[in-house]
Amino acid sequence: MANNQKIILVLNCGSQSIKWKLFSLDFKAQEEGNIRILNQKNYKNILQAELKKINERNIEITTIGHRVVHAGGKFNSPLIIDKKNLKELEKISELAPLHSPYNILGIKISQKTFPTAKQIAIFDTDFYSELPKKASTYALPEDIRKKYEIRRYGFHGISHDYASSEAAKIISKPREELKIISCHLGGGASITAIDRGKAVDTSMGFTPLEGLVMMTRAGNVDPGIILFLNQKSKRNKFLASESKNQKLDYILNNESGMKGLCGISDM
């Protein structure tokens, strides 16, 4: 890259990896990195060191695009990040506990490392903002759904949007004429039905925990199992001394899925 070249940084801070790519202002890829995180306790230090290395290059980072998993019901399009909306994102981070805390950490460290760069959030849920009610509505009382904004939000939207667009290019047909089922398969996994470029159904729901069996996430389970385990905790300390909700959350997100089935989580 040329000295003092103006550059866009795209940053994807996941729970198990830090991925980044540098683009010129005409969107030509320049350089990229992918670091696997084996110990989340070291995440902040690893991220700081990686962004510091990027900052030491003789280039000017003008814009940073952040992949953010959950926008709740607040945001439905790419967002220029400021103090106010960053606080809103922090409030809903509990809805995606494996992702949002790392997404937000990436934003905060980027703000310190590149104080003059414009920070922009791109949401996984954006692709599903127009999901039909028959697909987005849970069979729960209406007052509860409205009060807590409970609906199917959908995730991996950036991936499904891109994959379906690329599939249409490969078969040389407009996406607006196709019905496509796209699959995102990795540590997290989901499928999406796309009708003429619009998402009409998807496997993930209110949180990224619903749907397919994943690396460490349970996917769909009978909700009665959760109630059963919660009740058992009162009788025999099954959930130990931790907060019951925190322990159940950990089991469903970190100890289940492929790891729960066969004891191995590395897919």
Side-chain angles (χ1 to χ4, degrees), residues 8-14 17 19-32 34 63-81 89 95-96 98-100 103 118-138 149 151-215 217 219-220 267:
I8 298 167
L9 167 64
V10 175
L11 185 63
N12 181 353
C13 291
S17 66
K19 300 175 184 177
W20 57 266
K21 187 174 284 191
L22 301 177
F23 293 86
S24 59
L25 296 187
D26 57 357
F27 302 108
K28 292 181 179 179
Q30 303 292 312
E31 193 176 343
E32 63 183 286
N34 185 353
T63 307
I64 304 177
H66 298 270
R67 181 238 181 164
V68 178
V69 169
H70 210 315
K74 301 289 183 183
F75 312 109
N76 291 320
S77 59
L79 180 75
I80 297 175
I81 299 166
L89 292 177
L95 298 179
L98 290 187
H99 303 88
S100 292
N103 300 158
K118 186 178 293 184
Q119 313 277 339
I120 300 175
I122 297 91
F123 299 103
D124 260 359
T125 50
D126 185 13
F127 189 51
Y128 303 102
S129 61
E130 297 180 13
L131 203 63
K133 285 189 176 181
K134 63 182 180 182
S136 65
T137 305
Y138 287 104
E149 297 185 76
R151 52 158 289 185
R152 184 181 302 282
Y153 286 102
F155 301 93
H156 295 148
I158 299 168
S159 173
H160 287 289
D161 189 12
Y162 176 77
S164 60
S165 295
E166 290 299 299
K169 290 179 185 177
I170 290 171
I171 62 174
S172 300
K173 290 187 177 181
R175 188 172 68 158
E176 291 70 25
E177 296 178 4
L178 299 173
K179 292 185 177 182
I180 297 172
I181 292 177
S182 56
C183 304
H184 177 105
L185 304 175
S190 63
I191 58 176
T192 291
I194 302 167
D195 186 0
R196 292 179 282 272
K198 299 287 186 180
V200 294
D201 208 347
T202 189
S203 59
M204 284 182 165
F206 180 62
T207 75
L209 184 59
E210 187 180 4
L212 307 180
V213 171
M214 299 171 238
M215 187 165 69
R217 278 173 270 177
N220 284 346
M267 295 176 66

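Quick caveat: nothing in here was measured; it's all calculated off a predicted structure.
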Check the pair I64, W20 against side chain to side chain contact (heavy atoms under 4.5 Å, CB included), reporting the backbone distance first and the verdict last.
CA-CA 10 Å; I64 304 177; W20 57 266; over 6 Å; no
When you check the side-chain N and O atoms of [X] and [Y], is any donor under 3.5 Å from an acceptor?
X: R175; Y: S164; answer: yes
X: S100; Y: H70; answer: no
X: Y128; Y: T192; answer: yes

Taking all heavy atoms of G154 and all of T202, pick out the closest pair and write down the distance.
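Looks like CA-CG2, 3.8 Å.
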For residues S165 and D161, report the shortest heavy-atom separation together with the two atoms involved.
OG-O, 3.0 Å
So, using salt bridge (Lys or Arg N to Asp or Glu O under 4.0 Å) as the criterion, who are the partners of K19 when residues are at least two apart?
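In terms of salt bridge (Lys or Arg N to Asp or Glu O under 4.0 Å), with neighbours along the sequence ignored, K19 is linked to no residue.
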Could you go step by step and tell me if F27 and I8 meet the side chain to side chain contact (heavy atoms under 4.5 Å, CB included) rule?
CA-CA 8 Å; F27 302 108; I8 298 167; 3.8 Å; yes
With the side chain counted from C-beta on, respond yes when N12 and V10 share a heavy-atom pair under 4.5 Å apart, and no when they do not.
no
Hey, what's the ring geometry for F206 with Y153, parallel, tilted or perpendicular (30° and 60° as the breaks)?
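Ring orientation of F206 relative to Y153: tilted.
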Ignoring hydrogens and geometry, is there a side-chain-to-backbone donor-acceptor pair from R152 to M204 under 3.5 Å?
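Answer holds: yes.
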Would you say the side-chain atoms of N103 pair up with the backbone N or O of V69, donor to acceptor, closer than 3.5 Å?
yes
Let's go through H156 and S182 carefully: what are the C-alpha distance in whole Å and the side-chain angles of both, what is the deciding distance for side-chain hydrogen bond (donor to acceptor under 3.5 Å, both in side chains) to 0.1 Å, and is it a yes or a no?
CA-CA 10 Å; H156 295 148; S182 56; over 6 Å; no
